[in-house]
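Structure first, commentary second.
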Amino acid sequence: MQQLSDDQLTAAMLASEEALNREYARIVDLVGEFDKRALAPTKGSRNTSVFLVSALRLSYKEARARVAQAKLAMPVAKTAMASGKINREHLQEIEHVMSQAPESLPDAERTADEDSLVALAQQASPFTVRKIGVRLRSYWNVETKDPKAREQDLARPKRTFHYNMTSDGAMKFSGVLDPETSTLVASVLTPLSKPDPADEIGKPDRRTKDERQGDAVAAVFDLAARAPDLPINASERTTMTVTVGLDELERRAGIAMLDGYQAVSVSQLLKMCCDARVVPAVLGTAGEVLHLGQPAELASPAQRAALAIRDRGCSRPGCTRGPKWCTPQQMTRWIAEHGPVELKDLGLICERDRHLLHHTDWEIQAGESRIEWVPPAWLDPERTPISNTAHDPPRHSAA
């Protein structure tokens, strides 16, 4: 192993994983044929799962999973597994989802849904496939539900709120909200329940998540008691006055100070400015202000709304974070741009994947209808652009 270069070691590891996936696909096929021939009783076991436990020393959970994967008709997933494109955990999650497909689901739609899960599995983790599977099952529940019952649910949404007052005047409450109201409540509480920034001596917000959410609920009721309209977005973005030397600006190198206390690199500063109202102030060699620009915003409110509709969330392949967790990202660095930014040059990216974009070899570009991510050469030597499909509804529903 030591004689391999870094690139050779990475390539060998990826090739070995594909070989392992192909071999597992063969195991599943063999288990299926073994079960089809009902050979377990001839080997002293009452069924195939029990035989796998005794012969292969598997756990009963793993044995049952292999038998379930072998029995369920999943031609698309099994073909992808046989080619090494998805792994055992992907196959297990896909089997778990497809096994719950309603019997009334047409074969064409069943195949389209399986194909969507397989496409997602080739760019995301098994956990993401599981999350999208939950969403897919919710589509099935709506599509297969009786239309009259569906209309009754919409006409009379289920909303309950129960509370009682304690002896010291505090309130305890519980309740259930319909999906539409739940979305509204979440969009209000999310920005209000964010942790406060560190105080003047560097101590972080000590409140727990439940405490922050409790404070958010109190703020909403206080606002509702005083205002006729309740705004959905309860926070404003920071205004940043960026002071940077002309030489450093041209070279994109050097150190920047935040409020005179925290040092960051210019590349970090550029990343931080992606979603701030930026007032650029360029300094000369003696510290004099050479230019003080007008406040500039990366995206207008209308563009942000359009991005939420177009991207549906973070554009990084495999990411499931929705629009409220994301901010607009420009295809090129903001500081090199002049004039308004067009919608086609923007894409939604969550905070976690913004770090990935700025500090690794991943790149983004504008595709025909959505943002495309270009993987690093070590992951894909061809560097083929890919788009995120995690937010896409089932294909037949979209059609």
Q. Can you name the salt bridge (charged side-chain N to carboxylate O under 4.0 Å, His left out) partners of Arg370, sequence neighbours left out?
A. Asp392

Q: Sort and list the pairs that fulfil side chain to side chain donor-acceptor pair (under 3.5 Å) and have at least one residue in residues 33-49, not counting sequence neighbours.
A: Glu33-Arg37, Asp35-Thr48

Q: Find the distance between CD (Glu23) and CE (Met81) and round it off to the nearest 0.5 Å.
A: 10.0 Å

Q. Under 3.5 Å, is there a donor-acceptor pair between the side chain of Asp311 and the main chain of Gly347?
A. no

**Q.** Donor-acceptor contact below 3.5 Å, side chain Asn87 vs main chain His90
**A.** yes

**Q.** Backbone of Gly175 reached by a side-chain donor or acceptor of Thr160 within 3.5 Å
**A.** no

Q.
Membership question, hydrophobic clusters at under 4.5 Å side-chain separation (ILVMFWY): are Leu379 and Leu356 in the same one?
A. yes

Q) If you take all heavy atoms of Ala216 and Leu192, which pair is closest and at what distance? A) CB-CB, 3.6 Å

Q) Sub-3.5 Å donor-acceptor pair from the side chain of Arg22 to the main-chain atoms of Lys85, do we have one? A) no

Q. Under 3.5 Å, side chain of Ser54 to main-chain N/O of Val50, donor-acceptor pair present?
A. yes

Q. With hydrophobic residues grouped by side-chain heavy-atom distances under 4.5 Å, do Val129 and Trp140 end up in a single group?
A. yes

**Q.** Euclidean distance, Leu52 CG relative to Ser59 OG, rounded to 0.5 Å
**A.** 10.5 Å

Q: Start with the C-alpha distance between Arg316 and Asn388, add both sets of side-chain angles, then the distance that settles side chain to side chain contact (heavy atoms under 4.5 Å, CB included), and finish with yes or no.
A: CA-CA 6 Å; Arg316 197 264 300 171; Asn388 190 11; 5.8 Å; no

Q.
Please say yes or no: joined through hydrophobic side-chain contacts below 4.5 Å, possibly via intermediate residues, are Val374 and Leu348 part of one cluster?
A. no

Q | Pairs meeting criterion side chain to side chain donor-acceptor pair (under 3.5 Å) with involvement of residues 68-83, two or more places apart | A | Tyr24-Gln69

**Q.** Sub-4.5 Å side-chain heavy-atom contact between Leu346 and Gln329
**A.** no

Q. Do Gln92 and Pro126 come within less than 4.5 Å of each other through their side chains, counting heavy atoms only?
A. no

Q) What do you reckon, is CZ of Arg26 surrounded by more than 12 foreign heavy atoms closer than 6.0 Å? A) no

Q.
So Glu114 and Pro75, do their side chains get closer than 4.5 Å, heavy atoms only?
A. yes

Q. Are Val188 and Phe221 connected, step by step, through hydrophobic side chains (Ile, Leu, Val, Met, Phe, Trp, Tyr) whose heavy atoms are closer than 4.5 Å?
A. yes

Q. To the nearest 0.5 Å, what is the distance between CG (Leu357) and CD1 (Ile349)?
A. 5.0 Å

Q. What heavy-atom pair brings Ala101 and Arg110 nearest, and what distance separates the two atoms?
A. CB-NH1, 3.4 Å

Q: Over all heavy atoms of both residues, which pair between Ala121 and Ile86 is shortest? Give the atoms and the distance, please.
A: CB-CG2, 3.7 Å

(Q) Minimum heavy-atom separation for Gly313 and Cys326, please, with both atom names. (A) C-SG, 3.8 Å

Q | Asn21 side-chain N/O to Gly84 backbone N/O, donor-acceptor pair under 3.5 Å | A | yes

Q | Cys314 versus Asp353, closest heavy-atom pair with distance | A | SG-OD2, 3.3 Å

Q.
Using side-chain heavy atoms (C-beta onward) and a distance below 4.5 Å, is Ile371 in contact with Arg310?
A. yes

Q. What do the steps show when you test Val220 against Val185 for side chain to side chain contact (heavy atoms under 4.5 Å, CB included), and what is the final call?
A. CA-CA 10 Å; Val220 169; Val185 171; over 6 Å; no

Q. Is it the case that more than 12 heavy atoms not belonging to Phe161 sit under 6.0 Å from its CZ atom?
A. yes

(Q) Please enumerate all residues that pass side chain to side chain donor-acceptor pair (under 3.5 Å) together with Thr360, with sequence neighbours excluded. (A) none

Q: Rounded to the nearest 0.5 Å, what's the gap from CD on Glu372 to OG on Ser387? Could you check?
A: 4.5 Å

Q | Atom CG of Asn164: over 12 foreign heavy atoms under 6.0 Å | A | yes

Q | Pairwise side-chain contact, Leu91 with Met74, heavy-atom cut-off 4.5 Å (strictly under) | A | yes

Q) Any sub-3.5 Å donor-acceptor pair from Glu211's side-chain atoms to Thr208's backbone N or O? A) yes

(Q) Given 3.5 Å as the limit, does a donor-acceptor pair link the side chain of Gln123 with the main chain of Thr389, or not? (A) yes

Q: Can you establish whether the number of heavy atoms outside Arg64 located under 6.0 Å from its atom CZ is more than 12?
A: no

Q) Sub-3.5 Å donor-acceptor pair from the side chain of Thr384 to the main-chain atoms of Asp380, do we have one? A) no

Q: Nearest 0.5 Å please: distance from the CZ atom of Arg304 over to the CD1 atom of Ile309.
A: 14.5 Å

**Q.** Nearest heavy-atom neighbours spanning Arg137 and His96
**A.** NH1-CD2, 4.2 Å

Q.
With side chain to side chain contact (heavy atoms under 4.5 Å, CB included) as the test, pick out the partner of Val31 among Ile27, Asp29, Val28.
A. Ile27

Q: Say whether Phe127 and Leu117 are linked into one hydrophobic cluster, either directly or through other cluster members, by side-chain heavy-atom distances under 4.5 angstrom.
A: no

Q: Tell me, with the steps shown, if Trp373 and Ser315 meet side-chain hydrogen bond (donor to acceptor under 3.5 Å, both in side chains).
A: CA-CA 8 Å; Trp373 283 60; Ser315 60; 3.1 Å; yes

**Q.** Test side chain to side chain donor-acceptor pair (under 3.5 Å) applied to Thr320 - qualifying residues, sequence neighbours left out
**A.** Lys131

Q. How would you list, by chain and number, every residue that makes a side chain to side chain donor-acceptor pair (under 3.5 Å) with Arg130, sequence neighbours excluded?
A. Glu93

(Q) Distance check, rounded to the nearest 0.5 Å: Leu14 atom CG versus Thr10 atom OG1? (A) 7.0 Å

Q) After noting the C-alpha distance and the side-chain angles of Glu95 and Arg66, does the key distance pass the salt bridge (Lys or Arg N to Asp or Glu O under 4.0 Å) rule? A) CA-CA 10 Å; Glu95 182 275 327; Arg66 293 188 184 184; over 6 Å; no

